[in-house]
**Student:** 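Can you keep this structure in mind? I'll have questions shortly.
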Number of protein chains: 2
Amino acid sequence: MSLNGIFPIDRWNFTTHSVLSVLSDQEMALLTRHVTEQRLFKGDVIFREGAVPSGIFVVRSGRVKKYKVDQTGREQIIYLAGPGELMGYHPVLSGERYADSAAAMEETMVSFIPKEDFMDMLARSPVFALRLLKAMSHEFTVLTNTISVIAQRTGPERLAIALIVLREKFKYGLNDHDAIPINISRADLANMAGLAEENVIRLLSEFKAEGILSTQGRKIIIKDIHLLVKRANYR
Amino acid sequence: MSLNGIFPIDRWNFTTHSVLSVLSDQEMALLTRHVTEQRLFKGDVIFREGAVPSGIFVVRSGRVKKYKVDQTGREQIIYLAGPGELMGYHPVLSGERYADSAAAMEETMVSFIPKEDFMDMLARSPVFALRLLKAMSHEFTVLTNTISVIAQRTGPERLAIALIVLREKFKYGLNDHDAIPINISRADLANMAGLAEENVIRLLSEFKAEGILSTQGRKIIIKDIHLLVKRANYR
DNA sequence: CAAAAAAACTGATATTTATCAGTTTTTGAT
DNA sequence: ATCAAAAACTGATAAATATCAGTTTTTTTG
């Protein structure tokens, strides 16, 4: 079932504009001539805030969290990247260091493209540059909405929105009628919603009592998406 | 006195990469051939969330807040734009609607460039496109840091950070040794720091008691920037 | 498959921040 | 300069959320 029209899911989480797809086969071959593949396991760090980038990453499979760590060690998850998404190109373009860190949330495959090849393709292909501008502009909308969610929504609303986003992120590869098991630790969920872990757990059992979801161990299954959207208090 | 090295002020608030400056005189003339100037007064809305953009804006003088309004009518200020900054080009590039609203915080001059002229220049000038990519990437860092401030800092820390940013934003046109009067309503300050207005006022008098600042009516003057940076708990 | 480790969960309490109902001060218009 | 309106400010209270100190369940590993 699609959420279009009910909840603007695309605005909250997806980078639907496929950036690489605008390249011709020839250009693609040029861009990926020095590409390397990496298999990552849960918790593996892909890049760390403050480090100097040497290339960009493409998520091939799995899920990656982008986050910032504060003084007390708490993580705030800023974005969740899935298959097909580009990561880590902003600091390459701006000549800065990484503004956040990225880590695999499960077994994940990523491709690494050296920054020289990326910048080279950008200079060669005006279409690619324009498409990247478009994709970044969209990401901007997503980040702006993230700010408003964190700053203006209550705890229960933030959790409900995080669950709606996660459900979409975990849909990948499943049939439409399948139940979608959201496989995420309570700690990661808390860091997404900006809540203490204990409060996430308490809210989850409230949602369960309301018939919104069920749990199987750590896995969360949304039973009534409309009720969940209502709980998110979306206007 | 510069804050470089003490507090990474640029990361938090400035779009220092001047986008228009890379254009030749000829290109500039082409871009600004249909430009119109507008004089705006305090509170005047420049664009509103959800509206369809028909061009981009350049702030010439004054200060503009970019914000989102929630169900209860509360504003969260996302960014504060000053002289030289481009506004409202993201939705033009992505073909979306405005993700946030913009309003003048004081008497302000803005230029309006029709989107056709902007897109035309982008197609004509690869240097311009690359520069825009660079500027947007930097903005990304700023937004990412905004998220971490809102999500991970305490109320007093958020207020201290807002004041540091505001002090820089109000520096424009003053001599280095001048006191910088931050002229902002308590309501706007609260909406920047993500606090209730009453708590901002209480915190301001705490800061005053600590010798960090003084007030003259609504105007705030930072007396000890090092103490303020300390209060922001920056590492 | 049993033991150990990790994660999920619970209840009580503390802390932070917002809300409400005002009073006082400042600002802007005549 | 005066008055009305708006903004700044104060104190008391309420609500939301975090923290602490555990117990129970689930997952992982030898």
Side-chain angles (χ1 to χ4, degrees), chain A residues 41-43 65 70-76 105-107 149-163 166 181-209 213-221 231-233, chain B residues 41-43 70-76 105-107 149-163 166 181-209 213-221 231 233:
Chain A
F41 297 96
K42 194 179 160 184
K65 61 178 171 184
D70 71 8
Q71 291 100 323
T72 70
R74 204 195 133 247
E75 286 178 9
Q76 173 65 42
M105 295 179 78
E106 55 186 286
E107 195 178 320
V149 168
I150 294 175
Q152 301 178 314
R153 299 309 196 105
T154 65
E157 285 172 355
R158 292 199 304 273
L159 180 61
I161 291 169
L163 288 171
L166 283 165
I182 300 172
N183 192 356
I184 190 175
S185 72
R186 299 299 174 262
D188 275 342
L189 190 49
N191 292 337
M192 248 185 110
L195 284 167
E197 192 176 325
E198 295 93 325
N199 290 327
V200 164
I201 290 165
R202 275 182 270 264
L203 285 169
L204 281 178
S205 48
E206 271 187 44
F207 287 5
K208 206 191 290 190
L213 52 83
S214 63
T215 55
Q216 287 173 19
R218 64 140 56 175
K219 288 193 194 72
I220 297 164
I221 290 156
R231 211 57 162 88
N233 198 16
Chain B
F41 298 95
K42 194 181 159 184
D70 71 8
Q71 290 101 322
T72 70
R74 205 194 132 247
E75 285 177 10
Q76 173 65 43
M105 295 179 80
E106 55 186 285
E107 196 177 318
V149 168
I150 294 176
Q152 301 178 312
R153 299 311 196 104
T154 66
E157 286 172 355
R158 291 198 305 272
L159 181 61
I161 291 169
L163 288 171
L166 283 165
I182 300 172
N183 192 356
I184 191 174
S185 72
R186 299 297 175 263
D188 274 342
L189 190 49
N191 292 336
M192 248 184 109
L195 283 167
E197 192 177 324
E198 295 93 326
N199 290 327
V200 164
I201 290 164
R202 275 182 270 264
L203 285 169
L204 281 178
S205 49
E206 272 187 43
F207 287 4
K208 207 190 292 189
L213 52 83
S214 64
T215 55
Q216 288 173 20
R218 64 139 57 177
K219 288 192 193 72
I220 297 164
I221 290 157
R231 213 47 164 97
N233 197 16

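Just so we're on the same page: letters track the sequence lines, and every chain starts at 1. Excluded from the calculations below are hydrogen atoms, water molecules and symmetry mates; all remaining heavy atoms, backbone and side chain alike, are included.
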**Student:** Ile184(B) has an atom CD1; how far is it from atom P of dA7(D), in whole Å?
**Tutor:** 13 Å

**Student:** Heavy atoms within less than 4.0 Å of DNA chain D: which residues of residues 188-198 of chain A have one? Give them sorted by number.
**Tutor:**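 Residues of residues 188-198 of chain A under 4.0 Å from DNA chain D: Gly194(A), Leu195(A), Ala196(A), Glu198(A).
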
**Student:** Could you pull out every donor-acceptor pair under 3.5 Å between side chains of residues 197-204 of chain B and any protein atom, sequence neighbours left out?
**Tutor:**
| from | atom 1 | to | atom 2 | distance (Å) |
| --- | --- | --- | --- | --- |
| Asn199(B) | OD1 | Arg202(B) | NE | 3.4 |
| Asn199(B) | OD1 | Arg202(B) | NH2 | 3.4 |

**Student:** Within the 4.5 Å heavy-atom criterion, are Ile182(B) and Leu189(B) side-chain neighbours or not?
**Tutor:**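 Heavy-atom side-chain distance check fails, nothing below 4.5 Å.
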
**Student:** If you compare all heavy atoms of Arg186(B) against all heavy atoms of Ile220(B), which two are closest, and at what distance to 0.1 Å?
**Tutor:** NH1-CD1, 3.8 Å

**Student:** Could you state the NZ-C1' distance from Lys219(A) to dT27(D), rounded to the nearest angstrom?
**Tutor:** 11 Å

**Student:** Ignoring backbone atoms, establish whether Asn199(A) has a side-chain N or O less than 4.0 Å from OP1 or OP2 of dA18(D).
**Tutor:**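 Affirmative; the distance criterion is met.
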
**Student:** Side chain of Arg202(A): nearest nucleotide among dC9(C), dC9(D), dT19(D)?
**Tutor:**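 Nearest to the side-chain atoms of Arg202(A), counting from C-beta on, is dT19(D).
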
**Student:** How many Å lie between CD1 on Ile201(A) and P on dT17(D), as a whole number?
**Tutor:** 17 Å

**Student:** Provide, to the nearest angstrom, the distance between the CD1 atom belonging to Ile220(B) and the P atom belonging to dT26(C).
**Tutor:** 14 Å

**Student:** Compare every heavy atom of Met192(A) with every heavy atom of Ile184(A), then report the nearest pair and how far apart it is.
**Tutor:**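 That closest heavy-atom pairing would be CD1-SD, 4.4 Å.
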
**Student:** Report yes or no: does Arg158(B) contribute a side-chain atom to a donor-acceptor pair with the main-chain N or O of Leu195(B) at less than 3.5 Å?
**Tutor:** no

**Student:** Starting from the C-alpha separation in whole Å, work towards a yes-or-no answer on side-chain contact (heavy atoms from CB on, under 4.5 Å) for Glu75(B) and Asp188(B).
**Tutor:** CA-CA 8 Å; Glu75(B) 285 177 10; Asp188(B) 274 342; 4.2 Å; yes

**Student:** With heavy atoms under 4.0 Å as the rule, sort Arg218(A) into base, sugar-phosphate or nothing.
**Tutor:**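 Sugar-phosphate only.
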
**Student:** Once you round it to whole Å, what is the distance between C1' of dT25(C) and CD of Gln216(B)?
**Tutor:** 15 Å

**Student:** Nearest whole angstrom, please: distance from the C1' of dC9(C) to the CG of Leu203(A).
**Tutor:**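 One finds 13 Å between C1' of dC9(C) and CG of Leu203(A), rounded.
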
**Student:** Does the side chain of Arg186(B) get closer than 4.0 angstrom to OP1 or OP2 of dC9(D) through an N or O atom?
**Tutor:**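 The answer is yes; a side-chain N or O of Arg186(B) sits under 4.0 Å from OP1 or OP2.
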
**Student:** Just how far, in rounded Å, is C1' of dT16(C) from CD of Glu157(B)?
**Tutor:**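 Nearest whole value for this atom pair: 13 Å.
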
**Student:** To the nearest Å, how far apart are Lys42(B) NZ and dA29(C) P?
**Tutor:**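 Going from NZ in Lys42(B) over to P in dA29(C) covers 11 Å.
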
**Student:** Could you pull out the closest heavy-atom pair between Gly194(B) and Gln76(B), with the gap in Å?
**Tutor:**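 Answer, listing the atom of Gly194(B) first, then Gln76(B): CA-OE1, 3.7 Å.
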
